[in-house]
Q: 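Take this structure first; my questions come after.
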2 protein chains.
Amino acid sequence: MATSRAPRLAKKPRDQYHHGDLRRALLQAAVRTLQKQGLAALTLRAVGEELGVSRTALYRHFADKSALLTAVASEGFRMLRSALLAAWEDGGRGQVGFGAMGDAYVRFALDNPWHYRVMFGGGVELDAADPELTAAGTAAFLALLDALVEQQAQGLVRKDDPQTQATFVWALVHGIAMLAIDGTLQARGTDLGALARFSLERLRTGIGAD
Amino acid sequence: MATSRAPRLAKKPRDQYHHGDLRRALLQAAVRTLQKQGLAALTLRAVGEELGVSRTALYRHFADKSALLTAVASEGFRMLRSALLAAWEDGGRGQVGFGAMGDAYVRFALDNPWHYRVMFGGGVELDAADPELTAAGTAAFLALLDALVEQQAQGLVRKDDPQTQATFVWALVHGIAMLAIDGTLQARGTDLGALARFSLERLRTGIGAD
DNA sequence: ACCTGAACACCGTTCAAGT
DNA sequence: ACCTGAACACCGTTCAAGT
C-alpha cells in the first residue's frame with residue numbers, strides 16, 4: 001500500500017488482462033505450450049493456468065478451442081512468411097536466395113513441428129474459412145510466388161503459369177517438411193541436408209534421363 | 001429356443017469374438033469409423049459399441065489406443081502399396097504406369113483422408129518403432145523405389161541414387177496429397193487434375209529455364 | 001483366457017453468479 | 001465488460017470381479 005497511482009501504468013500485477021490484451025496473451029501462451037509440450041498438453045486449463053486466469057476466461061476472447069487454434073495457425077503463417085522473405089532477400093533474390101528459402105521453410109517446420117502441424121490442420125479442426133487464417137496463409141504463399149515470378153523475369157525459371165508452378169514447389173517443400181517432422185525420413189537414415197541439395201537440383205532439371 | 005446346436009457354426013450371435021478374431025474385428029471397426037466419421041469420433045467406446053463388446057475388451061488385444069492406431073496405420077500402408085502396385089502394373093511398368101502410380105497415390109489419400117492422416121501421425125501418437133508399421137511403410141515405399149529402378153534400367157529416368165530419388169518423388173506426391181486433403185488447394189481454386197499433369201511433367205524436366 | 005462394470009483422473013463447454 | 005466456480009457430458013485407462 002505504498003505507492004498508489006503513478007507507477008501502476010508500468011506494473012499492474014493483478015488485473016493485467018482487463019484491458020484487451022488477454023487475447024494476445026492467450027495466443028502466445030498457447031504457442032509456447034505447443035512448442036514446449038506438444039498438442040496433447042495444449043488444454044484450455046493449461047493455457048489459463050500459465051496466465052493465472054480461469055480456464056473459462058478464454059471464452060471471452062475466442063469462440064472455442066478451435067478458434068484459438070485457428071489464431072495459432074494464423075500466427076504460424078505470419079512467422080513462416082517472415083522467415084521465407086528474410087531468406088529470399090538475404091540470399092540475393094536469385095538462385096541462391098531461392099535455395100535459402102527452401103531451407104528456411106524446412107527449418108521452420110523442424111524448429112516448430114507442432115505449430116507447423118496445427119497450421120495444416122494436423123489433429124485439430126480449424127475454422128478454415130476464417131479470414132485472418134486465409135489471409136495469413138495466402139501472404140505466406142505469395143512470398144514463394146513472388147520469388148518465382150521474379151526468377152521467371154530473370155530468365156532463371158520456366159515461364160509456366162506462376163500459380164501452378166508455385167503450388168508445385170510448395171507441395172514439394174511441404175512434403176519434405178512433413179516427412180521430416182514425423183520422423184519418417186530419419187527412420188530411413190536420410191541425410192536431410194543431402195536430400196535438400198538433391199531436391200533443389202532436381203527441382204531445376206527434373207529426374208528425366210534426357 | 002428353437003434350433004440348438006447344428007446351425008451355431010454358421011451364426012454365433014453372442015460369443016462371436018471368443019476365438020481370436022476380435023483383434024481383426026476391432027481393427028476393421030476402427031478403420032470403418034475413421035472413414036465414415038473421422039478421427040474425433042474414433043473412441044474406444046464407439047469401436048466397442050459397434051461390435052457389441054465392452055469398451056475395455058480392446059485392452060486384451062491392444063496395449064492402448066495408440067497401439068490400435070498403429071495397427072490402423074499399418075493396414076493403411078498395406079492398402080496404399082496394393083493401390084500403387086496395381087497402378088504401376090496396369091499402366092505397363094513405364095512412363096504411363098509411373099504417372100498412374102502418382103494419380104493412385106493422391107486418389108488413395110483423397111478417398112481415405114483420415115486414414116491417410118493417421119498413417120503419418122496426424123493428430124495421433126503412433127508407436128513409430130512398431131515392427132509391423134515400419135515393415136508396412138517400407139513395403140509401400142519399395143513399390144515406388146522399384147518403379148524408379150526399373151525406369152532407370154529402361155533409360156527413362158536419371159541414374160541417381162535410387163533411395164534419394166525415391167524419397168524426393170515421395171515427398172512431392174505426399175505434399176500434393178496433404179495439401180489436397182486439408183483443402184488448401186481447393187480453397188485456392190486449384191484444378192487437381194491440372195496440377196497432377198503439371199507435376200508429372202515438371203518432375204521429369206524440372207522448372208529451370210535452360 | 002477373455003470380458004465386464006464401476007471407478008478414477010482427465011477434457012471442453014455451459015451457465016448462473018460475482019465485480 | 002470481464003472473470004469465476006460449480007456442474008455436465010464426455011474421454012482413456014485401471015482394476016477387482018465374473019465366466
Side-chain angles (χ1 to χ4, degrees), chain A residues 8 12-31 33-34 37-73 114 118 121-127 130, chain B residues 8 12-31 33-34 37-73 114 118 121-127 130:
Chain A
R8 287 204 56 184
K12 279 201 211 159
R14 275 287 160 270
D15 42 14
Q16 206 163 3
Y17 304 116
H18 287 251
H19 304 290
D21 53 354
L22 177 54
R23 189 193 147 92
R24 173 121 230 115
L26 286 165
L27 176 56
Q28 290 171 341
V31 170
T33 303
L34 203 54
Q37 311 192 63
L39 187 57
L42 182 55
T43 68
L44 301 191
R45 282 159 167 84
V47 171
E49 201 165 317
E50 186 170 333
L51 298 177
V53 132
S54 158
R55 56 187 168 280
T56 57
L58 177 139
Y59 286 92
R60 286 291 128 196
H61 302 279
F62 297 95
D64 51 20
K65 189 178 184 183
S66 170
L68 171 64
L69 285 167
T70 300
V72 166
W114 290 107
V118 167
V124 293
E125 300 286 346
L126 300 183
D127 179 6
D130 180 70
Chain B
R8 285 201 59 180
K12 282 204 210 156
R14 277 286 162 268
D15 42 13
Q16 205 163 5
Y17 304 116
H18 287 250
H19 305 290
D21 54 354
L22 178 54
R23 189 192 149 92
R24 175 119 230 116
L26 286 165
L27 176 56
Q28 291 173 341
V31 170
T33 303
L34 202 54
Q37 312 193 63
L39 187 57
L42 182 54
T43 67
L44 301 191
R45 283 159 167 82
V47 171
E49 200 164 316
E50 187 169 333
L51 297 177
V53 132
S54 158
R55 58 187 168 280
T56 57
L58 177 139
Y59 286 91
R60 288 289 127 196
H61 302 278
F62 297 96
D64 51 20
K65 190 180 184 180
S66 170
L68 171 65
L69 286 167
T70 300
V72 167
W114 291 106
V118 167
V124 293
E125 300 285 345
L126 300 183
D127 179 6
D130 180 69

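Not measured: the values here are computed from a predicted model. Hydrogens, waters and symmetry mates are skipped; everything else that's a heavy atom, side chains included, is used. Below, chain A is the first sequence line, B the second, and so on; all start at residue 1.
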Q: Verify the neighbour count for atom CD of B/Glu125: are there more than 12 heavy atoms of other residues, nucleotides or ligands below 6.0 Å?
A: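 Open: at most 12 neighbouring heavy atoms sit under 6.0 Å from CD of B/Glu125.
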
Q: Output, in order, the C-alpha distance, side-chain angles, deciding distance and verdict of side-chain contact (heavy atoms from CB on, under 4.5 Å) for B/His61 and B/Leu26.
A: CA-CA 9 Å; B/His61 302 278; B/Leu26 286 165; 4.2 Å; yes

Q: Could you check A/Leu44 against A/Lys65 for side-chain contact (heavy atoms from CB on, under 4.5 Å), going step by step and ending with a plain yes or no?
A: CA-CA 7 Å; A/Leu44 301 191; A/Lys65 189 178 184 183; 3.8 Å; yes

Q: Under 3.5 Å between N/O atoms: give me all the protein pairs with nucleotides 12-19 of chain D, atom names plus distance.
A:
{"unit_1": "D/dG12", "atom_1": "OP1", "unit_2": "B/Leu44", "atom_2": "N", "d": "3.3"}
{"unit_1": "D/dG12", "atom_1": "OP1", "unit_2": "B/Lys65", "atom_2": "NZ", "d": "2.9"}
{"unit_1": "D/dG12", "atom_1": "OP2", "unit_2": "B/Leu44", "atom_2": "N", "d": "3.3"}
{"unit_1": "D/dG12", "atom_1": "N7", "unit_2": "B/Arg45", "atom_2": "NH1", "d": "2.7"}
{"unit_1": "D/dG12", "atom_1": "O6", "unit_2": "B/Arg45", "atom_2": "NH2", "d": "3.3"}
{"unit_1": "D/dT13", "atom_1": "OP2", "unit_2": "B/Tyr59", "atom_2": "OH", "d": "2.9"}
{"unit_1": "D/dT13", "atom_1": "OP2", "unit_2": "B/Lys65", "atom_2": "N", "d": "3.0"}
{"unit_1": "D/dT13", "atom_1": "O5'", "unit_2": "B/Tyr59", "atom_2": "OH", "d": "3.1"}

Q: Could you summarise the pairing of DNA chain C as dot-bracket text, marking Watson-Crick and G-U pairs under 3.5 Å with ( ) or [ ] inside the strand and | across strands?
A: ||.|||||...|||||.||

Q: Could you tell me how far apart B/Phe62 (CZ) and C/dC2 (P) are, to the nearest whole angstrom?
A: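 To the nearest whole Å, that distance equals 13 Å.
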
Q: Between A/Leu22 and A/Leu51, is there a side-chain heavy-atom distance shorter than 4.5 Å?
A: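 Yes - at least one pair of side-chain heavy atoms lies under 4.5 Å apart.
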
Q: Measuring to OP1 and OP2 of C/dC3, would you say a side-chain N or O of B/His61 lies under 4.0 angstrom away?
A: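 B/His61 to C/dC3 OP1/OP2: side-chain N or O found under 4.0 Å.
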
Q: Show the nearest heavy-atom pair for residues B/Val118 and B/Leu126, with the distance to one decimal.
A: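 Scanning both residues, the minimum pair turns out to be O-CD1, 3.2 Å.
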
Q: Does any N or O in the side chain of A/Asp64 come within less than 3.5 Å of the main-chain N or O of A/Ala67, such that one atom is a donor and the other an acceptor?
A: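 Side chain of A/Asp64 to backbone of A/Ala67, a donor-acceptor pair under 3.5 Å: yes, one is there.
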
Q: Mind jotting down which residue pairs meet the salt bridge (charged side-chain N to carboxylate O under 4.0 Å, His left out) criterion with at least one end in residues 41-55 of chain B? Sequence neighbours excluded, please.
A: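 Sorted result for residues 41-55 of chain B: B/Arg32-B/Glu50.
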
Q: Check whether any side-chain N or O of B/Thr70 sits under 3.5 Å from a backbone N or O of B/Asp127 as a donor-acceptor pair, and report yes or no.
A: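 Flag set: sc B/Thr70 to bb B/Asp127 pair under 3.5 Å.
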
Q: What is the distance, rounded to the nearest whole Å, between atom CZ of B/Arg23 and atom P of C/dC2?
A: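 About 13 Å, once rounded to whole Å.
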
